[in-house]
Protein chains: 2
Amino acid sequence: MNHKEQLKLENQLCFSVYACSREITKMYRPYLDQLGLTYPQYLVLLVLWEHHETTVKALGAELYLDSGTLTPLLKRMEEAGLVKRERSKEDERRVMVHLTQKGEELRDKASIIPDAMAANSGLSKEEFKKALTGFQQLLDHIHSVNEK
Amino acid sequence: MNHKEQLKLENQLCFSVYACSREITKMYRPYLDQLGLTYPQYLVLLVLWEHHETTVKALGAELYLDSGTLTPLLKRMEEAGLVKRERSKEDERRVMVHLTQKGEELRDKASIIPDAMAANSGLSKEEFKKALTGFQQLLDHIHSVNEK
DNA sequence: GTTATTTAAGTTGTGCACAATTTAATTTTA
DNA sequence: TAAAATTAAATTGTGCACAACTTAAATAAC
């Protein structure tokens, strides 16, 4: 492939990933609207439903986000009554984030989302699994390249 | 997979795509910084390097973006001297966007980017091609689902 | 033990994304 | 052809993302 071909939009892996990501988020919107959540807020809840309590730092490591994004996002979630933020007593640099009752309860309502999304994606169970693995590998690789 | 498993972050295709997209953008940054471009601005140039002139509407259809995103973005690109925006004479609802000399010339500097990115992705030519096709199909499918 | 370094969050400023609305031009329909 | 509907951009407002910087606490080095 020559330079001219390479610069075509249709040959950019980056673009198809970028557009796909936004279209997937759009697909979630009607479901998340019902729960009063944005997509990144939903991701934070996915982490907290697993761990119940975590720090801003750990949350950032899981979601690949920094405090510049998370701090205001978590403040909004706190205002919405979904999480509670408090400075750690042991290490006052850290801020512990944990679920409230309300945040915990959203889990049941959210539990139907993965099936709905998988169905909407049009992928079979095998294709889904394969795509997931492929992405996670690509993500790992690029993340390690970016670290350097 | 039960509901508990399904809600784990590691099992979300959406998250791996979302995180991947942002990591890919990060990978482009050092290259785009040299050209004084953001990633969405680079995408606009990819389209214009192919077509030379287009409308906001057509640009939005190619990039899956609306005027709310494109109008301010194009204004910034116009201020930077990369593009020119002018109302169509035939249909005054439309705004034509075309490259300036400066915008045209950036193409040469950008031509090394695709090879660099492909190398950084760690994918072989075949894997790259396969991933690209897979994504475009997923994108098409989800986009059509969202349209409804 | 004091100074230097590192670490964790928060803050500030810029640029997307996108929903919802507005404005103005064009097309359709009655 | 006048009114209604549609279309294309722009505008407004909210919420991410993220770079760069600040603040404060903990750890390391001396």
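Sequence lines set the chain letters: A, B, ... in the order given, protein chains first and strands last, and positions in each chain run from 1.
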Exercise. Mind calculating the distance between CD (A/Glu92) and C1' (C/dT7) to the nearest angstrom?
Key: 15 Å
Self-check item: For atom CZ of B/Arg87 and atom P of D/dA8, their distance in whole Å
Solution: 12 Å
Quiz item: Taking the side chain of B/Thr71 as its heavy atoms from C-beta onward, which of C/dT26, D/dT11, C/dG10 lies nearest to it?
Solution: D/dT11
Quiz item: Under 4.0 Å between a side-chain N or O of A/Lys57 and OP1 or OP2 of D/dA25?
Solution: no
Quiz item: Using a cut-off of less than 4.0 Å, is there contact between a side-chain N or O of A/Arg85 and OP1 or OP2 of C/dA9?
Solution: no
Exercise. Take the protein atom NZ of A/Lys26 and the nucleotide atom P of D/dC16, then report the distance between them rounded to whole Å.
Key: 17 Å
Quiz prompt | Nearest-nucleotide pick for B/Gln41, side chain only, options being C/dG10, D/dC16, C/dC16 | solution = C/dC16
Quiz item: Starting at the 5' end of DNA chain C, which residue's closest nucleotide do you reach first, B/Glu90 or A/Thr55?
Solution: A/Thr55
Quiz prompt | B/Tyr18 side chain, from C-beta outward: closest of C/dC18, D/dA17, C/dT26 | solution = D/dA17
Practice problem: Write down the distance between CG (A/Leu43) and P (D/dA17), rounded to a whole number of angstrom. | Solution: 8 Å
Self-check item: Separation of atom CG in B/Leu74 from atom P in C/dC16, rounded to whole Å
Solution: 10 Å
Quiz prompt | Proximal nucleotide (of C/dA9, D/dA17, D/dA8) relative to the B/Arg94 side chain | solution = D/dA8
Quiz item: Counting side-chain heavy atoms from CB outward, which of C/dA25, D/dA26, D/dC18 is closest to A/Leu65?
Solution: D/dC18
Quiz item: Nearest to the side chain of A/Arg76 - C/dA19, D/dG15, D/dA10?
Solution: D/dG15
Quiz item: When you look at CD of A/Glu50, are more than 12 heavy atoms from neighbouring residues, nucleotides or ligands closer to it than 6.0 Å?
Solution: yes
Exercise. State plainly whether the residues A/Glu23 and A/Lys26 are in salt-bridge range, i.e. N to O under 4.0 Å.
Key: yes
Self-check item: Between CG on residue A/Leu59 and CG on residue A/Leu63, distance to nearest 0.5 Å
Solution: 5.0 Å
Exercise. For B/Leu37 and C/dC16, give me the distance from atom CG to atom P, rounded to whole Å.
Key: 10 Å
Self-check item: Gap between atoms CD and P, on B/Glu86 and D/dA8 respectively (whole Å)
Solution: 19 Å
Exercise. For B/Gly68 and for B/Arg22, find the nucleotide of DNA chain D with the closest heavy atom, then tell me which residue's nucleotide is more 5'.
Key: B/Gly68
Practice problem: Would you state whether a donor and an acceptor, one from the side chain of A/Ser67 and one from the base of C/dG10, lie under 3.5 Å apart? | Solution: yes
Quiz item: Counting side-chain heavy atoms from CB outward, which of C/dA9, C/dC16, D/dA26 is closest to A/Arg93?
Solution: D/dA26
Practice problem: Determine the contact category for B/Thr25: base if any of its heavy atoms lies under 4.0 Å from a base atom, sugar-phosphate if only primed atoms, P, OP1 or OP2 are that close, otherwise nothing. | Solution: nothing
Practice problem: Could you say whether B/Thr69 or A/Tyr64 is positioned toward the 5' end of DNA chain D, judged by the nucleotide with the nearest heavy atom to each? | Solution: B/Thr69
Practice problem: Examine distances only and state if a side-chain atom of A/His141 and a backbone atom of B/Asn120 form a donor-acceptor pair shorter than 3.5 Å. | Solution: yes
Practice problem: Go through the steps to decide whether B/Gln6 and A/Asp115 satisfy the test side chain to side chain contact (heavy atoms under 4.5 Å, CB included), and finish with yes or no. | Solution: CA-CA 8 Å; B/Gln6 283 185 327; A/Asp115 278 335; 2.7 Å; yes
Quiz item: In terms of side-chain heavy atoms of B/Thr38, which of D/dG15, C/dG15, C/dA9 is nearest?
Solution: C/dG15
Practice problem: Identify which nucleotide among C/dA19, D/dC18, C/dA9 has an atom closest to any side-chain atom of B/Asp66, counting heavy atoms from C-beta outward. | Solution: C/dA19
Quiz item: Roughly, in whole Å, what's the span from CG in B/Leu32 to P in C/dG15?
Solution: 15 Å
Quiz item: Cation over ring, B/Arg29 on B/Tyr31, under 6.0 Å and within 45°?
Solution: no
